[in-house]
Each structure stands twice: as structure tokens, then as C-alpha cells.
Amino acid sequence: LPFDLTSDAPVRLTLVRLTATEHVLLLVVHRVAADERSALVLLGQLSDQYTVPHRLPAGPDIRPADVTDDDRAWWRDTLTPTPGRLGLPTDIYRPAGNAVPTGAVLHFDWGAGLANAVAELAAATGTNPIGVLFAAYLALLARYAGEDRICVGVPASVLPAVSTAIGPWENLLAITADFPAGQTFRELLAASYAHAAEALRRRHVPFADVVAAVGGDRDPRRNPLCDTIFRYDDEAASFSLTGVRVEPEFVHHGGADAD
């Protein structure tokens, strides 16, 4: 069921009893309360509280960073000219109005061979595996969309990696890439890696501010600026209960947040 934030708490915790020894614990968190990274922190705290109940310390006093005119100008300049919409050859039509399009999750394993090759290329180019995969994603989109300039959304937390604060700290970075004729993959990797690093240094600028600075027409059926999202999560959820065997169960809401 959708949240009604005018009356509902943004977190739901439901325990379903299947048998005397088997239960299902369902935790649903609205994005106004916690982002993806915060959810991992929350699961860790639930594990600790189950083992040894204790009062949690007060959360840190987190204030948004100051956004300068130079920050907004950088985003406006890097998104000018604004990349066009991706014409991906999908097999499902985009729904009319504000209806959420249906989506699915595809699980696959590319094997140790490809994983090692990605790590080797990252080491040889002074980048990292995330950068290599991002460049490959950009190249794939450009190939199938037939575009020479594209924009991809990359979620990034505005908090330090060591922070245990829970909240909606994730911001969307609209990262562009150009594909001049004759460009090699290593050249694309170097350019996209450097550009992403610059964007990360300005990740404190709210996405809404970036959209407002760039301007342009809005289509209510699409995300502003970027049709696709690239998310890399290398930290698995850790949830354990003393004396209980816990098995994670993947749940998908059936919708598609982006193309």
C-alpha cells in the first residue's frame, strides 16, 4: 500500500507468523525517511538491539552544505547543451500521464573471468572497477540509443562513508558523456572518470537546484534531465538475530523508477 505521509509514519515493520518456528519480517521505509545506504545502517541497528537492547545515542546534527553560485554554474555549464532524451528501443510503450511504468529485475552473474578483467583494466588506467562499469554502461546506452551526448543519473550520498546517520541523504547527480567520432573505450573511461569525480565534489547541490538552473521543458512521464540510472552497491545488507536463522528474501515493487 502507498504511504499517506499526511497521517502515516514513513516506516512500516510487519511480522507475519507462518508456523510456530517460521516468520516473515517485512520492513518498508519511505524515501523521505531513509535512502538505500541508511537502510543498511537501520538493519545493523535492529540486529544490535535484538541482541542487547540499549538506548541509541542521539543522531548527529547534520546541516546541508552551502551551495554557491559557482556550484550551480558548474552544473549548468556541464549540462549545456542539455542532452536529448534517450531513444532506447524498448518493447513496452511508456504509459500516458503519471502512471508508474511496470518493471522487473534481472539477476545475472558475469563470472570471475570478466570481474578480473574489469579489475585489471581499472588498475592499468588508474581508475577503479566502478568507473570501468560506468563507462561500459555509457557506451552501451550510446550504442543502442544512437546518441553522441547522453546524461545518466548517479545516486550519491552527501554524507561521509563512515557516517551512521539515517535519513534521505542521497542526491542524484546528472552526469553527461560525449562520444566524438573515433573515441576509444579507454578515452571514454578517462573522460567519464574525471567528470564523475568533479560531479562528486559538487554532490551537495540538490538535484532540484540543478534542474532549475538548467531549465527547459518537463515531461511528467520522465525523470528530469536523465532517463536512466546507474547505481553501484558493493555493501551487502547485514541482518542477524541471535539464536535465529535469518534468510533474506528479495521483494520488488513491480514498478520502474527510470528507463
Side-chain angles (χ1 to χ4, degrees), residues 34-41 43-44 65 71 74-75 77-79 83 86 105-145 147-165 167-180 182-207 210 223 225-238 248 250 257-259:
D35 54 25
E36 299 280 347
R37 182 167 168 268
S38 294
L40 300 180
V41 176
L43 289 176
D71 292 329
W74 185 89
W75 280 109
D77 293 343
T78 194
L79 288 164
L86 287 177
V105 175
L106 175 64
H107 296 273
F108 64 92
D109 183 352
W110 54 35
L114 183 55
N116 291 336
V118 168
E120 291 172 0
L121 178 58
T125 55
T127 59
N128 57 35
I130 304 176
V132 174
L133 295 176
F134 182 55
Y137 183 63
L138 294 172
L140 186 70
L141 292 177
R143 173 183 176 184
Y144 282 100
E147 302 287 346
D148 58 11
R149 179 171 170 81
I150 65 175
C151 183
V152 171
V154 178
S157 176
V158 299
L159 297 185
V162 296
S163 175
T164 58
W169 312 122
E170 197 170 80
N171 190 28
L172 189 65
L173 310 183
I175 299 182
T176 58
D178 296 296
F179 297 86
Q183 182 186 53
T184 67
F185 181 77
R186 289 196 175 213
E187 290 171 342
L188 169 62
L189 172 57
S192 62
Y193 188 79
H195 184 58
E198 289 292 330
L200 284 170
R201 279 193 278 271
R202 297 169 176 84
R203 63 181 180 269
H204 61 283
V205 181
F207 181 64
V210 175
N223 290 323
L225 299 179
C226 43
D227 284 322
T228 64
I229 305 294
F230 177 86
R231 177 185 292 277
Y232 183 94
D233 294 320
D234 59 356
E235 185 178 357
S238 177
F250 179 79
D257 296 330
D259 289 355

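These numbers were taken from a predicted model, which means no experiment stands behind them. Below, all heavy atoms of this structure are taken into account, side chains as well, without hydrogens, waters or symmetry copies. In this chain, numbering begins with 1 at the start of the sequence shown.
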- Message: For the aromatic rings, using the six-membered ring if either is Trp, is the centroid distance between His204 and Trp74 under 6.0 Å?
- Response: no

- Message: Just checking Phe185: does its CZ atom have more than 12 heavy atoms from other residues, nucleotides or ligands closer to it than 6.0 angstrom?
- Response: yes

- Nearest heavy-atom neighbours spanning Phe207 and Leu225: CE1-CD1, 4.0 Å

- Shortest non-hydrogen separation from Asn128 to Ala122 and the atoms involved: C-CB, 3.4 Å

- Message: For Thr78, run the side-chain hydrogen bond (donor to acceptor under 3.5 Å, both in side chains) check against His195, Arg202, Glu198 and tell me which one passes.
- Response: His195

- Identify the heavy atoms of Ala156 and Leu200 that sit nearest to each other, and give their distance. CB-CD2, 3.9 Å

- Note on the structure: Note: Ala174 and Trp75 closest approach over all heavy atoms is O-CZ3, 3.2 Å

- Task: Quick one: do Val210 and Leu172 satisfy side chain to side chain contact (heavy atoms under 4.5 Å, CB included)? Show the steps, please.
- Result: CA-CA 10 Å; Val210 175; Leu172 189 65; over 6 Å; no

- Note on the structure: Minimal heavy-atom distance between Phe179 and Leu138, with the atoms involved, is CZ-O, 3.5 Å

- Message: Any side-chain to backbone donor/acceptor pair from Asp227 onto Leu86? Under 3.5 Å, distance only.
- Response: yes

- Task: Take Phe230 and Ile130, measure what side chain to side chain contact (heavy atoms under 4.5 Å, CB included) needs, and give me the verdict at the end.
- Result: CA-CA 10 Å; Phe230 177 86; Ile130 304 176; 4.3 Å; yes

- Between the side chain of Thr176 and the main-chain N/O of Leu79, is any donor-acceptor distance below 3.5 Å? no

- Task: Given side chain to side chain contact (heavy atoms under 4.5 Å, CB included), test Glu36 with Glu170 step by step and report yes or no.
- Result: CA-CA 8 Å; Glu36 299 280 347; Glu170 197 170 80; 4.1 Å; yes

- State, to 0.1 Å, how close Cys226 and Cys151 come at their nearest heavy-atom pair, and which atoms those are. CB-O, 3.6 Å

- Going through the checks in order, is the side chain to side chain contact (heavy atoms under 4.5 Å, CB included) test met by Tyr193 and Thr125? CA-CA 10 Å; Tyr193 188 79; Thr125 55; over 6 Å; no

- Under 3.5 Å, is there a donor-acceptor pair between the side chain of Arg143 and the main chain of Leu140? no

- Residues passing the salt bridge (Lys or Arg N to Asp or Glu O under 4.0 Å) test with Arg186, sequence neighbours excluded, are none

- Item | Distance (rounded to the nearest 0.5 Å) between Ile175 CD1 and Ile150 CD1 | 11.0 Å

